[in-house]
Structures are given as C-alpha cells and as structure tokens.
Amino acid sequence: MRKASQKKKLYSIYLKLFASFGPQHWWPAKTPFEVMVGAILTQNTNWANVEKAIAQLKQHKALAPKRIYHLSTSKLARLIKSAGYYNIKTKRLKAFLKFLFDHYRGEPNRMSRVPGQKLRSQFLSINGIGPETADSILLYALQKPLFVIDAYTKRIMARHGFIAEDCSYKDVQNLFMQNLKKEVKLFNEYHALLVRLGKEFCLKKNPKCRICPLK
DNA sequence: GACCAGGCACATC
DNA sequence: GATGTGCATGGT
C-alpha cells in the first residue's frame, strides 16, 4: 500500500468509526491511578471481569497508591481475583507500585512532566509491564501521544491488509504513529473505537470472521 | 465442555 | 529471533 493512500485510509476509517459509534469516553476510569491499575488487570482479560476487581478494590477503599502498596499479597490477590491470573497480577501491581514510590513518591501526577519516551522505557523495565500496558498508561492516564496496539487493533488491521498477521507490536504502532498527527485526543478515540469495532464485529480469533462495517 | 477475553515473562531451540 | 507455554476467572 502506498504511503499517501495509507494515510488517507487510516483517517477515513477513523471518521467512519466515529460516525457509527460516536465518542467512546476512554479510559473508563475516574483517576489516572485507576487507569494504571486497570491497565495491568486487563491483560488478556475480559473488561467485565476487571470491573468487578476494581469494584472490590473501591469497596475496600484500596484503590489508592499507598493502600495497594501496603496491602498484603494475599489480601490484594483476594480482591482482584475476578480479573483472573490473580497471583501474577498481584506481583505486577506490587512491582508497579514499588516503581511509583521509588521514583515518583507514590504520586502519579509527578510523572506528567516527564517526556513520554523516557517514561515508556522506565515502564518497560518493570516486570509485568509490556508495550501495551505501558502505552495504555502513557496515553490514557498521562496524556502522552502513544498509539496503543492491542489484539483487536492488530487483528483488524491485518484483516484489512494494512499489515501482516505476524508483524510486531512496533510495526503496527508505526503504522499509526507515522501516518497520523500525534494528538492525544485522536489516538485515544481511535484506539477505543477499534476496540469497540473488535468487540462488536470481529469478536473471535477465528480468521474466517471478516465482517467489515468499514467498507 | 469449548472457546474467548483490551498480555507478559520465561524456557527452549 | 521465533515459537511454545503457564498464568485463571467468568461469560457465551
């Protein structure tokens, strides 16, 4: 695909998605810290299960950096149980919180003035934070213009011929970041709309699922 | 009962 | 660098 037409198509897809679905109001969270916790909990997990875990944390007044930082491993695991992989995710939350306290005094706001790319490499050095989780936090909690690539995004773009099915996270991210204006609002809405599309029309991993409301 | 869901780390080749 | 595997709940 030629670069000029690729750019045009990417914007056109965005407009079509926005026209049919409207604004998605992402990330569904009240505070930046809630986005960070949600980003870790949602790893390979249905969002509905994550919501239950978040509700548990809120109910136990545990959705604050200090609270999670000081919560026992077993208690934290119990609260986030519904999100699945609870032992691993407990470790990952603890690792993230340790990082937050070691480098930013436990205050998410202190991250805001650090350049996105620097934060990104810091995040990636934390055990349990991979590229998608890092970019989700950067974009949705800290307003840094990084395009988030998730399973839906990759699947949709591959099935529409933009990328190969087996390409890397960076390859897909470059497709968006090299062709679109690096605007937080655009990246936010575009990714949220792709997830919405994925949920409604390309639900299965089944490669035969090619329903395409974009055409 | 099978399949899927807003990944990641680690072992092995 | 590519490929395979464990991690776990809850909805369809």
I need the minimum non-hydrogen distance between A:Lys144 and A:Ser112, along with the two atoms involved. NZ-O, 2.6 Å
Just how far, in rounded Å, is P of B:dG7 from OH of A:Tyr86? 20 Å
If we take the C1' atom in both C:dT3 and B:dA5, what is their distance in whole Å? 22 Å
The nucleotide from C:dA8, C:dG10, B:dC8 with an atom nearest the side chain of A:Asn49 is C:dG10
Output the rounded distance in Å from CD (A:Glu51) to P (B:dA5). 17 Å
Which residue lies more 5' along DNA chain B, comparing A:Ile126 with A:Pro28 via nearest heavy atoms: A:Pro28
Can you work out whether A:Tyr140 or A:Asn127 has the more 5'-proximal nearest nucleotide on DNA chain B? A:Tyr140
Atom CG of A:Leu93 and atom P of B:dC8 are separated, to the nearest Å, by 14 Å
Please work out if A:Ile129 contacts a base, only the sugar-phosphate, or nothing of the nucleic acid, heavy-atom cut-off 4.0 Å. sugar-phosphate
What integer distance in Å separates A:Lys81:NZ from C:dC7:P? 15 Å
Does the side chain of A:Gln173 come under 3.5 Å of the side chain of A:Lys170 through a donor N or O and an acceptor N or O? yes
Under 4.0 Å between a side-chain N or O of A:Thr45 and OP1 or OP2 of C:dA8? no
Using atom CG of A:Asn44 as one end and atom P of B:dA9 as the other, report the distance to the nearest whole Å. 13 Å
Here the distance between atom P of B:dA9 and atom OH of A:Tyr85, to the nearest Å, is 14 Å
So among A:Tyr14, A:Trp26, A:Tyr11, A:Phe21, which one has a ring pair (Phe, Tyr, Trp, His ring centres under 6.0 Å) with A:Tyr190? A:Tyr14
Residue closer to the 5' end of DNA chain C, A:Lys52 versus A:Ile88 (nearest nucleotide): A:Ile88
Return the nearest nucleotide to the side chain of A:Gln43; candidates are B:dC8, B:dC10, C:dA8. B:dC8
Of the listed nucleotides C:dA8, B:dG7, B:dC10, the one nearest the side chain of A:Asn87: C:dA8
Taking side chain as C-beta onward, heavy atoms only, is A:Phe176 less than 4.5 Å from A:Met157? yes
side-chain N/O A:Arg155 vs B:dA5 OP1/OP2, d < 4.0 Å: yes
Can you find a side-chain donor-acceptor pair between A:Asp150 and A:Thr153 that sits under 3.5 Å? yes
Quick one: which of C:dC7, B:dA9, B:dA5 gets closest to the side chain of A:Asn46? B:dA5
Quote, to the nearest angstrom, the P distance that separates B:dC10 from C:dA8. 15 Å
Starting from P on C:dA8, measure out to CD1 on A:Ile80 and report it in whole angstrom. 9 Å
To the nearest angstrom, how far is A:Lys91 atom NZ from C:dG6 atom C1'? 12 Å
So what does A:Ala83 touch, heavy atoms closer than 4.0 Å: a base, only the sugar-phosphate, or nothing? nothing
